There are 2 protein chains.
Amino acid sequence: MTEIQHTIGSVSRESGVHIETIRYYERIGLIPRQQRNNSGRRIYDPQDRQRLSFIRRCRELGFSLDDIRSLLDLAGSNDRTCQEIKDLTEAHLASVRSRLSDLKRMEASLKALSQSCEGGGSPDCPILARLFV
Amino acid sequence: MTEIQHTIGSVSRESGVHIETIRYYERIGLIPRQQRNNSGRRIYDPQDRQRLSFIRRCRELGFSLDDIRSLLDLAGSNDRTCQEIKDLTEAHLASVRSRLSDLKRMEASLKALSQSCEGGGSPDCPILARLFV
DNA sequence: CTTGATCCTGTAGCGGCTACAGCATGTATA
DNA sequence: TATACATGCTGTAGCCGCTACAGGATCAAG
């Protein structure tokens, strides 16, 4: 008779999404408004947990919340195609690669800067000299 | 007799920092409050331009504004040492490398996901299947 | 004298959370 | 049963580094 009611705390632990983040996702409409029990607390079912885990995995892959919204829409649509999902994934992959190349450029420059300087107590710093014109 | 007054527009063009960003930097105290001419417009000298160029270069290397604040403090200090600058640079380099490795992991996962899917019109998507539990 | 460029202040928004304050409940233990 | 602590709620503000207005003042050129 007494069903276990999954609270925000348990679904947070199970999905790996922080409580405040779950409430935030609800507020921005990324997940639906949850049902409440008679004292006003949110109650969750396994599908909710799955959705949150999905979101967490997508976030770990760097997808934006907007991308995730699209993925969730596609996932819930009957006439979606594989191609749409793949396109979204590849567009995101391209943006990851672009950020990667930015970071690689930074890394190379910083490495060169660092190597130009021997450290120690000298007040004349080649790093500053290179950054100031 | 008539000196050229460098306005925010010209110093923006010369330093490569957007006008709004310059005003923002002033607001947060990253650059000093500028002098004004008699109609209230900010006037800049070559040192200001140099400082803004420095900031832009640091931003291109991914330094945070807080880091840049420290670098500017050190640059303006008489008893700073090379080591302090180098330490800051290397700490930042380490954080760039850490982000780099995050992004590389994302790239590999996204690549694998993308390759698992042939695209086309099928409604069964291996990408979604892998992301949903 | 008019037009258009440039400048000013102030405020709000972006993304994706995170961190409170100030309460109301729920649960476990003495 | 009393109490203590955990957990939940709403609402708001803050983080970073800008960016984008609105609504006005001033400047330079034709």
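Chain letters run A, B, ... following the sequence lines, proteins first and then strands; every chain starts at 1. Everything numeric in this text was worked out from a predicted model, so none of it was measured.
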D:dT10 OP1/OP2 closer than 4.0 Å to side-chain N/O of A:R36
yes
Any N/O donor-acceptor pair, A:R23 side-chain to D:dT10 base, under 3.5 Å
no
Minimum-distance nucleotide (side-chain atoms of A:T7 versus D:dT10, D:dG8, C:dC17):
D:dG8
Ignoring the backbone of B:R59, work out which of D:dT10, D:dG8, D:dG17 is nearest its side chain.
D:dG17
Select one nucleotide: of C:dC8, D:dT19, C:dG26, the one nearest the side-chain heavy atoms of B:R27.
D:dT19
Counting side-chain heavy atoms from CB outward, which of C:dC17, D:dC9, C:dT9 is closest to A:T21?
C:dC17
Are OP1 or OP2 of C:dC17 and a side-chain N or O of A:Y25 less than 4.0 angstrom apart?
yes
How long is the span from the CD1 atom in B:I8 to the CZ atom in B:R13, to the nearest 0.5 Å?
11.0 Å
What I want to find out is whether A:D66 reaches A:R69 closely enough, with some N-O distance under 4.0 Å, to be called a salt bridge.
yes
For atom CD of B:E118, decide whether the heavy atoms of other residues, nucleotides or ligands shown that lie under 6.0 angstrom number more than 12.
no
Base, sugar-phosphate alone, or nothing: which one does A:I19 contact when heavy atoms must sit under 4.0 Å apart?
sugar-phosphate
Tell me whether the OP1 or OP2 atom of D:dT26 has a side-chain N or O from B:S39 closer than 4.0 Å.
no
Check this one for me: any side-chain N or O of A:H18 less than 4.0 Å away from OP1 or OP2 of C:dC17?
no
Selection from D:dC9, C:dC7, C:dC17 that lies nearest to any side-chain heavy atom of A:Y24
C:dC17
Consider the side chain of A:R41, meaning its heavy atoms from C-beta on, and name the nucleotide among C:dA24, D:dG17, C:dG16 that approaches it most closely.
C:dA24
Indicate yes or no: does A:R56 engage A:E60 in a salt bridge with an N to O separation below 4.0 Å.
yes
Presence of A:R42 side-chain N/O under 4.0 Å of D:dC9 phosphate oxygens OP1/OP2
yes
Whole-Å gap separating P (C:dG15) and CD1 (A:I28)
9 Å
Given the options B:E26, B:H6, B:Q5, B:Q34, B:R42 meets side-chain hydrogen bond (donor to acceptor under 3.5 Å, both in side chains) only with B:E26
Between CG of B:N37 and P of D:dC27 the distance, given in whole Å, is 7 Å
With respect to the side chain of A:I8, which nucleotide from C:dG16, D:dC9, C:dT9 is positioned closest?
D:dC9
